[in-house]
Amino acid sequence: MALTGVQIFKLLPKTNCKKCGFPTCLAFAMKLAQRQASLDACPDVSEEAKATLGEASAPPVRPVTLGTGEKAVKMGEETVLFRHEKKFVNPPAIALEIKDTDSDDVVEAKLQDVIGSEINRVGQLLRIDAVYLSNDSGDAGRFGALAEKVAQKAPETAVIVGTENPDAADAAIKPFSGKNAILHGATEANAERMAEIAKSAKAVLGVKADGLDALSSLTEKVKSLGVEDMVIDPGAKSAREILEYNTFIRRAAIKKNFKPLGYPVINFAQRDDALFESLVAGLGIAKYASIVVVSSAEKWKNLALFTLRQNIYTDPQVPMQVEQKIYKIGDPTPDSPLLITTNFSLTYFIVSGEVENSKVPAHLAIMDCEGLSVLTAWAAGKFTGSKIANFIKESGIENEINHRELIIPGYVAILSGAIEDKLEGWKVTVGPREANALPAFLRSAQAA
Amino acid sequence: MAFVPPKESFAGRVFPVTIGTGVQQTFGGENTLPFHSFEGEVPNRPLIAYEIQDVPPEDWPETVRKLYDGVSDDPVKWAKYCEEELKAKAVALRLVGTHPDSKDLSAEDAAKTVTDVLGAIKVPLIVLGSNHVEKDSEVLVRAAEAAKGHDCIIGKAQEANYKTIAAAAMANGHKLIAMSELDINLSKQLNILLTQMGFDKEKLITDPMCSALGYGLEYTYSVMERIRLAALAQNDAVMQPPMLADVGMYVWKIKETQAPEDVLPEWGSLEERGIAWEAVTASSLLMAGAELLIMRHQKAVEAVELFVDELM
């Protein structure tokens, strides 16, 4: 159970030596209780205190890494239930299932889907993070052969080896030894052998049981067998079970500091219909999964799931910003109109989308206003006549366009005089207040 | 160590809202987080309404426009098609043709369309303006009168025009959508203003403003979660009306539902991408607390209904 600041304080040296960076031992204890400091910062803490506090001060959801290298996926470390409270930390891995009963062609095609899944969206590289190998045949040799093929053809891809048969597990985990693969998994029946195999391959152990009571007993057992890094599978099948189990696991870990369920969660979203599967996978992404297994990786589905994952894991306290520059929408010429707005990403998305809808090619000047929207930036003095004038002059756009007309958002019509004063030879036109009026505005301006 | 599920129960409850007179539909009514029937009561499914318009949907992308070829030239045919062929549980008529930048149709034109559509369907009707604050306060007043006795939802009332629209909804026995822009405080303030003028809070639907996947979905998602927590955990009655996610109109105007595959091959099939975009936006907002959805594509609606089946 979580200790209070005062309980922690009693275990500290009480010297107020400040070596931890905090003014007093009590202040340090309070930070430890909120999990905003690490016990390592105290050089004088006793071994006894370490043992007691180590457990209590560990993060509520254990950090576990899947895979190695640049594409490794960090999991766990979550601290909240709702994203408005604090940023969700580690976005879930999406794993494509490959069965050992799939034909060679299917295996090949799926590996290509995974390798070619990378997309750049708003500056982030997003991809299918892992493959989940299923031992559907029940045959150890066949499963081992699939593992060899995957290791050879997709050497950088993280792997989850899915079987309850220790012989098959042993055969299939070998090619991924030392590569932070997950062996999924251990059950009540096979836990001892699976723990040995996972330890010798330095793999994370997936632990599965039906329901949360059985699952918590099993993680305790696996831990006593010397395995620390686990992912947990409560056996959820329906969307309702995913929601129920994931919610209880996250709550138990965070609110009760219940260690036996303080591990990243793996969910299985496979459905016959790809569209429906994307909704079940989306539930896992929104509601606390660390790994979501899917059965297919269509590009359209990947894009929707990657985008959802990015949205849900955005930091709610930091406005999303886009880079300050003059964006080209469509294929603008030196005579195309020039519009300006702020660099709040939502503003950028909506305005650029509407300009695109208008089918009128345009130059869109996005000015750095620390991620604030137009009215907020204006009110905060970040979107003013002189700042806009400076940005336009320094952007070099004057060398790229033939005209000297700047379209400003309707909400800051008041700025038009100030901009014209500072930007000699320029004419300021007041655009619509709302972006959805831009297509009509741009089309009528073009016709005139 | 034995595991005791950390169940949570709440003092507050979302108001159940029933609409329609022929076929009635009820949504809301839960006293727990979305679909948490393992620790509270979730008496009603969310309601999905099919969106239609008073004018042909020229600006809808091909993927969704083509579904309504042959019926979308006439709102009466279109509404009947939704009810009879698509088995719509409710229809949302958007009077977009009344917008000054569209056809600038009059309030009288709108009232006639509402009357005609109501005469053609049995399922409940949601009547939406064109989101032009001045014009809506004229159009929705006449529309509410024309729909008197049908127990519709009228919307959307915003801070700038709520008085006339709310008065018309109240006088003609309708429910009302109160929309504000992605801010829990603005949303609360508008609901307070409406109740202060005598509008029954149990007849309100809160629209915290929708956003599409990839275009601010996280803002709508978190505002909805915060409103729902205020309703349940803080038992704040002003925040207890059910919530609307007006999904279709936000989804079917963005690039991901329009850009062809030959231009962006890495995005995959345009048709399936568009449908998935609407369905994923809708299902995510259901998880955040929406109980009333307005959608356009049959396949997206069907997938979301199937998803709800698995959650209930």
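Note on naming: letters A, B, ... go to the chains in the order of the sequence lines (proteins, then strands), and numbering restarts at 1 for each one.
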Quick one: [atom1] on [X] to [atom2] on [Y], what's the gap to the nearest 0.5 Å?
X	Y	atom1	atom2	answer
A:Arg240	B:Phe307	CZ	CZ	13.5 Å
B:Glu305	A:Phe276	CD	CZ	11.5 Å
A:Ser238	B:Met312	OG	CE	13.0 Å
A:Thr307	B:Leu217	OG1	CG	10.0 Å
A:Leu303	B:Leu213	CG	CG	8.0 Å

For atom [atom1] of [X], decide whether the heavy atoms of other residues, nucleotides or ligands shown that lie under 6.0 angstrom number more than 12.
X	atom1	answer
A:Asn120	CG	yes
B:Lys299	NZ	no
B:Lys188	NZ	no
B:Lys66	NZ	yes
B:Glu159	CD	no

Only pairs of heavy atoms separated by less than 4.5 Å count here; which of [options] has the most with chain A?
options	value
B:Asn131, B:Ile254, B:Leu306, B:Asp309	B:Leu306
B:Gln258, B:Lys7, B:Glu256	B:Lys7
B:Leu229, B:Val304, B:Asp59	B:Leu229

Give me the contact list for residues 277-286 of chain B versus chain A, heavy atoms only, anything under 4.5 Å, ordered by residue number. B:Trp277, B:Ala279, B:Val280, B:Ser283, B:Ser284
Looking at B:Arg226 and A:Glu85, does any basic side-chain N land under 4.0 Å from a carboxylate oxygen? no
Do A:Lys301 and B:Glu272 meet the salt-bridge criterion of a basic N to acidic O distance under 4.0 Å? no
A:Phe349-B:Tyr250 aromatic ring centre distance below 6.0 Å: no
[X] vs [Y] side-chain heavy atoms within contact, under 4.5 Å:
X	Y	value
B:Glu310	A:Glu241	no
B:Tyr221	A:Arg83	yes
B:Glu39	A:Phe248	yes

Under a 4.5 Å cutoff for heavy-atom pairs, which residue among [options] has the most contacts with chain B?
options	result
A:Leu308, A:Ile350, A:Asn302	A:Leu308
A:Leu279, A:Leu275, A:Leu261	A:Leu279
A:Arg121, A:Lys287, A:Gln310, A:Lys299	A:Lys299
A:Gly353, A:Ala286, A:Gly282	A:Ala286

Show your working on side chain to side chain contact (heavy atoms under 4.5 Å, CB included) between A:Phe441 and B:Asp101 and close with a plain yes or no. CA-CA 10 Å; A:Phe441 175 85; B:Asp101 292 344; over 6 Å; no
With salt bridge (Lys or Arg N to Asp or Glu O under 4.0 Å) as the criterion, how do A:Glu298 and B:Arg273 come out once you've worked through the C-alpha distance, each side chain's angles and the decisive distance to 0.1 Å? CA-CA 10 Å; A:Glu298 294 84 353; B:Arg273 189 192 329 135; over 6 Å; no
I need the minimum non-hydrogen distance between B:Pro6 and A:Ala252, along with the two atoms involved. CG-N, 3.8 Å
Kindly say whether B:Glu218 contributes a backbone atom to a donor-acceptor pair with the side chain of A:Asn311 at under 3.5 angstrom? no
Relative to chain B, which segment of A:Glu118 carries a heavy atom at a distance below 4.5 Å: side chain, backbone, both, or neither? neither
By side chain to side chain contact (heavy atoms under 4.5 Å, CB included) - contacts of A:Thr247 (at least two apart): A:Leu243, A:Arg251, A:Tyr288, B:His36, B:Phe38
Proximal component of B:Leu270, with respect to chain A [non-hydrogen, under 4.5 Å]: neither
